Amino acid sequence: VLFFIGFVSLAKAGDDVMDWAFPLLATYFILFAATVLVVRAIYAAVVERATDIIRFSAEDRTVSLDVLTFLLIALVFLLVMYGLGFWLSSFLMLSLASIYMTQNRTRYNVALAIAVPLAACIVAYVVFQHVFYVPLPAAHWWPLGS
């Protein structure tokens with residue numbers, strides 16, 4: 001899989017210096033990581049070392065549910081980002097993820113799980129909009145975002 005991603009990225013890379021600076025460097029790293037993994041697998045097969053058997057425990061099921069829930073939250077974020085705008089959808093996604101991942105859901109922890117994403121979105125807004133001037137999707141579902 002890493003070889004496929006690396007070769008597709010390598011084929012799509014441009015000739016400009018800016019295309020080379022990060023994307024090609026990341027592509028070469030992916031190809032290097034793929035090579036290291038293949039060499040390790042071949043070495044383990046040649047040495048005939050027994051591979052570790054991964055068992056799926058009840059604790060792993062809980063972790064898998066957490067990962068799946070966060071994946072669904074991120075997917076909904078991607079789907080509503082252009083409708084609600086980047087900042088509102090980011091705040092909602094970060095808040096939902098923080099509340100979901102909070103183990104002890106006291107009133108204080110839930111308030112904290114909302115306050116921290118709000119502060120992070122405000123700081124990111126100032127940095128992205130007023131320092132770096134990064135264009136981000138505006139809201140299309142409500143009139144104030146246009």
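These numbers come from a predicted model, not from an experiment. Counting begins at 1 with the first residue of the sequence. Scope of the values below: all heavy atoms of this structure, side chains included, with no hydrogens, waters or symmetry mates.
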Between CD1 of Ile99 and CG of Leu94, what distance do you get to the nearest 0.5 Å? 11.0 Å
Enumerate, atom names and distances included, each donor-acceptor pair closer than 3.5 Å involving a side-chain atom of residues 66-88, sequence neighbours excluded.
from, atom 1, to, atom 2, distance (Å)
Asp66, OD1, Tyr100, OH, 2.9
Thr69, OG1, Leu65, O, 2.8
Thr69, OG1, Tyr100, OH, 3.4

Just checking Phe32: does its CZ atom have more than 12 heavy atoms from other residues, nucleotides or ligands closer to it than 6.0 angstrom? no
If you measure from OH on Tyr125 to OG on Ser90, what distance do you get to the nearest 0.5 Å? 13.0 Å
Check the hydrophobic clustering (I, L, V, M, F, W, Y; side-chain heavy atoms under 4.5 Å; chains of links allowed) and say if Val1 and Val38 are grouped together. no
Under 3.5 Å, which donor-acceptor pairs link side chains of residues 126-137 to any protein atom two or more places apart or in another chain?
none

Throw together a table of side-chain donor-acceptor distances under 3.5 angstrom for residues 109-123, partners on residues two or more places apart or in other chains.
from, atom 1, to, atom 2, distance (Å)
Asn109, ND2, Asn104, O, 2.6
Asn109, ND2, Thr106, OG1, 3.4

